[in-house]
Each structure stands twice: as C-alpha cells, then as structure tokens.
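Notes follow the structure.
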Amino acid sequence: MIWNRERETMPRSELEALQGELLVRQVRRAYEGVPLYRQRFRDRGLRPEHIKSLADLRLLPFTRKADFRDNYPFGLLAVPRQEIVRIHASSGTTGKPTVVAYTRGDMEVWKEVCARNLAAAGVTDEDTVQISMGYGLFTGGLGWHYGAEHLGATVVPVSAGNTKRQIMLIQDFDVTVFVCTPSYAIYIAEQAEEMGVDLRQTKLRIGIHGAEPWTESMRREIQTRLGIDPYDTYGLSEIIGPGVSGECAYHSGLHINEDHFLVEIIDPQTEEPLPYGEKGELVITPLTKEALPLLRYRTGDITRLNPEPCPCGRTLARMEKVSGRTDDMLIVRGVNVFPSQIESVLLQVEGVQPHYVILVDRTHGAMDDLEVWVEVSEAIFADDIGHLRGLQSQIETEIRETLGIHARVKLVEPHSIERSMGKAKRVIDKRDVYGTGERPASPE
Ligand code: DLL
C-alpha cells in the first residue's frame with residue numbers, strides 16, 4: 001500500500017520544486033538557529049540568501065559526526081530546550097554519545113515516514129507488529145512504535161532481548177510483523193528451532209529489518225527459517241532514526257522519503273557530487289527537521305541512487321542496499337562501535353599499551369562476538385594471575401559502560417601484536433556483513 005500517495009508518487013519535477021523551497025527555508029533555519037553554521041557561512045563568505053534553489057546545494061558546508069562530539073550535548077540544536085519533546089542518542093566516536101533531539105513537529109514527520117516504510121512493506125491496520133528493537137536511547141524501538149501506531153496496527157512493544165519470551169509472544173498474540181535487526185531474526189530462528197517451535201507455522205508474514213548491514217544470503221535465510229518476507233529499511237539517528245528509506249514489494253532498492261530528506265552521493269575523497277548510478281558516500285540534508293537542521297550530513301554509508309520510477313508506482317528515488325562504510329565504524333549486535341571508543345577506554349587504563357586488535361565474528365550462530373586483544377606492559381605481564389584477571393575484568397566493565405555491549409578482553413604479552421608501518425590494522429571483522437566474500441585471517 002502507498003501510505004501518502006500524493007507525496008510518494010509525485011512527478012519528479014514537482015518533487016524537486018518542493019525540495020528547492022524547503023531547502024531555502026531550512027538553510028535559514030540552520031543559519032539563524034545554530035552558531036556552528038553561522039560561523040561556517042561566515043568562513044566561506046556565504047549568506048543564506050545565496051541559496052536560491054537545489055542547484056546551490058553544493059555551496060553549503062558539510063556536517064560530520066565529529067561536529068556532534070564538538071558541540072556535545074545540545075550545541076547543534078536550533079530551537080530552545082523548551083521546544084524539545086524527545087531526546088535519543090547513538091554511539092559517538094569516543095566516550096560521549098551522539099545526541100539527537102525532536103520537536104513536536106519532528107515527531108509528526110518521524111511517525112509519518114516510518115508509517116510509509118511499514119506500508120511499503122505491506123503492513124496494514126490489521127497487522128500485529130512485535131517491535132524487538134531496543135527502546136532505550138536507540139531510535140529503532142520508539143521510531144517504529146510510533147510509525148506502526150500511526151498506521152493503525154496493533155503494537156507489541158517488547159524491545160530487544162529475552163528471546164524465549166519473544167517466541168512465546170509471537171505465538172500467543174498471533175503476531176504478523178516482526179521488527180528486529182536481521183541478525184536477531186536469525187538468532188530467534190535458531191532459538192525457536194532449539195525449543196522445537198516452528199515459526200513458519202505461526203501467523204508471521206513480514207520482517208522489518210535494518211539498523212545494520214546484511215547480505216542477500218541472510219535475507220534468504222530469514223525467509224526460509226521464519227517463513228516471512230524480509231524488508232530492508234535504512235536510517236540513522238542524526239537524520240531522524242528509522243524512516244529515511246525502505247523497500248517496497250519489488251525489493252529493488254530502498255525508496256528514500258525525499259520530500260523530507262534531500263540526498264546526494266559524493267566521492268568521499270574529493271567531496272565532489274557524483275551522478276546518479278555511481279557509487280559513493282550518501283550525504284543527507286533533512287528538509288523539514290526543526291530541532292536539528294543539519295546541512296549536508298556525511299553518513300559514511302556507501303551506496304548508489306536510482307531515480308527511475310518503480311513498478312510499485314512510487315517516484316521516490318531508490319538507494320541500493322548499503323555496501324560499505326567510508327570509516328571504520330562496526331555494527332556489533334546492533335550497536336555502532338568505533339575502534340576509537342575502545343581505544344579511548346584502553347588509554348585510561350594503567351599498564352595497558354596502545355596496541356590492540358578488535359576481532360568480530362559470528363561464532364555462536366547469528367550472534368556477534370566481540371573480542372579485544374590488548375597488550376600489557378612487561379611489569380603487568382610478570383604480575384600474578386589474580387592481578388591480570390582483575391585488570392581484564394576492569395577493561396571489560398569499562399568497555400561495557402562506554403559502548404553498552406559486552407566484549408571479551410584477552411590480555412596478551414608485550415610486543416605480541418604486530419606493529420604496522422602505516423595505518424595500523426586494528427579491526428578484524430570475519431562476518432562478511434556486506435557480502436563481499438572476504439574473510440580476513442585471524443591475527444594468530
Ligand atoms: O540504526 C536507525 C535505524 C533503526 C535504521 C532501525 C533502521 C532500522 P543508528 O544507530 O544511528 O541508527 O545507526 C545508523 O547504521 O549510518 C548505517 O551505517 C547503519 N545502518 C542502518 N540501517 C542500515 C541498513 C539506526 N539497512 C547507521 N543497512 C547507518 C546497512 C544500516 N546499514
């Protein structure tokens with residue numbers, strides 16, 4: 001079903017005219033409300049009135065994740081705190097999270113775009129939607145929650161975790177739509193099989209996934225083991241959360257809600273815009289956000305755009321499944337992890353050397369395993385085993401407190417981690433999340 005036929009099937013010329021008008025308004029909002037943008041405009045000799053149409057987009061400065069860190073927690077907000085009705089957060093690149101905020105108007109847009117994605121996947125007001133994404137500060141749980149309610153579906157707000165209960169509720173409440181990360185969907189399938197429950201025999205029919213990269217082979221696995229049609233959805237906290245784009249029944253790319261999110265693809269090195277069809281970094285300018293009117297936000301996600309109309313009737317451009325990152329961000333059990341966050345934890349621990357390796361794998365079925373190998377000093381290494389164990393659990397606790405997930409820490413001998421002449425290879429990700437077929441060797 002098409003939730004907002006007028007907007008989702010608009011001729012592209014009309015859509016572009018609308019985007020141009022919204023961009024002009026948004027630039028003013030950013031300039032007037034956010035000191036960082038006033039400064040950046042001044043540095044470039046740019047005035048808001050120089051931006052007259054979409055063609056002027058490339059005159060605008062970029063925004064990066066580091067700008068959130070430098071303006072933590074509320075420095076990028078364009079409205080007084082009184083107008084903020086919701087705060088969420090995701091991982092920052094070091095110790096502090098990336099904080100995002102919503103006005104009442106932003107909440108209206110958010111539920112609208114999430115409802116569109118759900119409707120595109122075939123969800124209706126007759127469905128029962130179990131939301132098994134985190135509700136905490138993560139945007140996934142509450143974003144889908146409001147979208148599904150707006151659509152008129154029945155929401156079961158379970159959040160992530162407690163897998164046995166998830167399986168029981170799917171059966172007992174006749175759940176038809178399951179919202180979770182793709183890796184959690186596979187994990188649930190495994191657990192159900194172990195419990196002797198055949199989820200294919202339940203009423204489940206649609207899976208709404210996303211928040212992490214996944215491959216076509218994972219899609220097939222979810223389809224066969226859960227007996228559902230899995231849909232890819234994409235979004236990020238800085239822009240809104242879920243609701244930026246999602247697949248329709250044709251599964252041939254993710255329709256971007258372009259009346260709210262203006263997209264470009266750039267070459268991450270030269271920062272020059274690339275034509276439709278070329279692969280590069282996705283850059284998004286939200287067109288209606290009030291609390292956080294970001295300009296040209298560098299997502300770090302690699303994809304390409306297709307503006308051709310889709311057989312489903314939507315004219316909204318499609319982005320290809322995300323195929324990589326421009327930086328070293330990992331997504332582990334649905335949580336964004338920057339190696340620099342782990343490094344900043346290690347640097348605060350006495351006796352630990354700045355030499356470490358982060359290993360990610362899926363050794364126990366579909367669940368991600370995170371292991372950090374850390375070199376200790378000669379003095380510490382010669383210490384008794386009790387002291388070493390204490391240090392190990394101290395680092396594990398601090399990583400959990402900073403990242404919100406568990407990592408197994410292994411202390412290793414001085415000089416045992418290979419030194420690099422160039423950029424150190426800190427991360428060994430054996431999961432092949434983007435389906436490139438590369439499985440790097442372990443450091444052993
Ligand atoms: O993951 C928002 C979201 C929630 C999207 C639920 C979809 C469903 P963050 O925690 O800020 O927000 O993480 C955003 O996750 O820049 C991508 O690198 C990655 N990501 C999100 N969706 C996908 C996807 C939410 N479908 C970061 N495929 C983004 C690949 C994805 N990567």
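Residue numbers run from 1 in the order of the sequence given.
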When you compare the side chains of [X] and [Y], does any donor N or O come within less than 3.5 Å of an acceptor on the partner?
X: Arg69; Y: Thr93; value: yes
X: Gln223; Y: Arg220; value: no
X: Thr303; Y: Tyr234; value: no
X: Thr63; Y: Arg296; value: no
X: Gln341; Y: Thr402; value: no
X: Thr128; Y: Asp174; value: no
X: Glu212; Y: Ser183; value: yes
X: His260; Y: Thr288; value: yes

_Counting neighbours of CZ on Arg38 that are heavy atoms of other residues, nucleotides or ligands and sit closer than 6.0 Å, is the number greater than 12?_
yes
*More than 12 foreign heavy atoms under 6.0 Å from NZ of Lys321: is that the case here?*
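Yes, the 6.0 Å shell around NZ holds more than 12 heavy atoms from other groups.
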*Which pairs pass side chain to side chain donor-acceptor pair (under 3.5 Å) with one or both residues in residues 73-84, sequence neighbours excluded?*
none
Show me the donor-acceptor pairs, under 3.5 Å and distance only, between side chains in residues 146-156 and residues at least two apart or in other chains.
residue	atom	partner	partner atom	Å
Tyr146	OH	Arg86	NH2	3.3
Glu149	OE2	His145	NE2	2.9

*With sequence neighbours left out, write down each residue that passes side chain to side chain donor-acceptor pair (under 3.5 Å) with Gln348, or none if nothing qualifies.*
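Partners of Gln348 by the side chain to side chain donor-acceptor pair (under 3.5 Å) criterion come out as none, since no residue qualifies.
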*Mind checking side chain to side chain donor-acceptor pair (under 3.5 Å) for Glu112 and listing every partner two or more places apart, or none if nothing turns up?*
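Counting only residues at least two positions away or on another chain, Glu112 forms a side chain to side chain donor-acceptor pair (under 3.5 Å) with Trp3, Asn4, Arg116.
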N/O donor-acceptor pair under 3.5 Å between [X] side chain and [Y] backbone:
X: Glu320; Y: Arg304; answer: no
X: Thr98; Y: Ala89; answer: no
X: Lys425; Y: Val427; answer: yes
X: Tyr184; Y: Arg333; answer: no
X: Gln171; Y: Thr202; answer: no
X: Glu290; Y: Val79; answer: no
X: Trp110; Y: Pro242; answer: yes
X: Arg7; Y: Asn257; answer: no

Can you tell if the side chain of [X] reaches within under 4.5 Å of the side chain of [Y], non-hydrogen atoms only?
X: Phe178; Y: Ile170; result: yes
X: Asn117; Y: Trp144; result: yes
X: Val345; Y: Leu347; result: no
X: Ile188; Y: Gln166; result: yes
X: Asp267; Y: Thr270; result: yes
X: Thr285; Y: Phe261; result: no
X: His209; Y: Thr233; result: no
X: Ile87; Y: Tyr102; result: no

Enumerate donor-acceptor pairs with a distance under 3.5 Å from any side-chain N or O in residues 42-49 to protein atoms, sequence neighbours excluded.
residue	atom	partner	partner atom	Å
Arg42	NH1	Gln39	OE1	3.4
Asp43	OD1	Gln39	NE2	3.0
Arg44	NH1	Leu59	O	3.0
Arg47	NE	Glu49	OE2	3.0
Arg47	NH1	Tyr31	OH	3.3

_Go through it in stages, so that I can follow the logic: the residues are Thr176 and Asp127, the test is side-chain hydrogen bond (donor to acceptor under 3.5 Å, both in side chains), and I'd like the CA-CA distance, side-chain angles, deciding distance and then a yes or no._
CA-CA 6 Å; Thr176 52; Asp127 279 299; 2.6 Å; yes
*Distance under 6.0 Å and angle within 45° of the ring axis: does Lys65 meet both against Phe338?*
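No; the conditions do not both hold, so Lys65 does not lie above the ring face of Phe338.
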*What closest approach, in Å, do Gln26 and Lys289 show between heavy atoms, and which atom pair accounts for it?*
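What the structure gives for the nearest pair is NE2-O, 2.8 Å.
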*asked:* How close do Val34 and Ala78 get, counting heavy atoms only, and between which atoms?
replied: CG2-CB, 3.8 Å
[X]/[Y] ion pair, N-O < 4.0 Å:
X: Glu247; Y: Arg314; result: no
X: Arg318; Y: Glu308; result: no
X: Lys111; Y: Glu108; result: yes
X: Glu264; Y: Arg298; result: no

*Can you measure from CD1 (Ile358) to CG (Asp429) and round to the nearest 0.5 angstrom?*
10.5 Å
*asked:* As an exercise, state the distance from CG of Leu346 to CD1 of Ile342, rounded to the nearest 0.5 Å.
replied: 7.5 Å
*Go through the steps to decide whether Arg64 and Glu271 satisfy the test salt bridge (charged side-chain N to carboxylate O under 4.0 Å, His left out), and finish with yes or no.*
CA-CA 13 Å; Arg64 295 177 173 78; Glu271 302 189 327; 2.6 Å; yes
*Passing candidate, side-chain hydrogen bond (donor to acceptor under 3.5 Å, both in side chains) with Arg431, options Asp369, Asp361, Asp368*: Asp368
*Parallel, tilted or perpendicular, as decided by the 30° and 60° cut-offs, for the rings of Tyr231 and His251*: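 The rings of His251 and Tyr231 sit tilted, inter-plane angle from 30° to 60°.
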_Arg40: salt bridge (Lys or Arg N to Asp or Glu O under 4.0 Å) partners, not counting sequence neighbours_ = Asp67
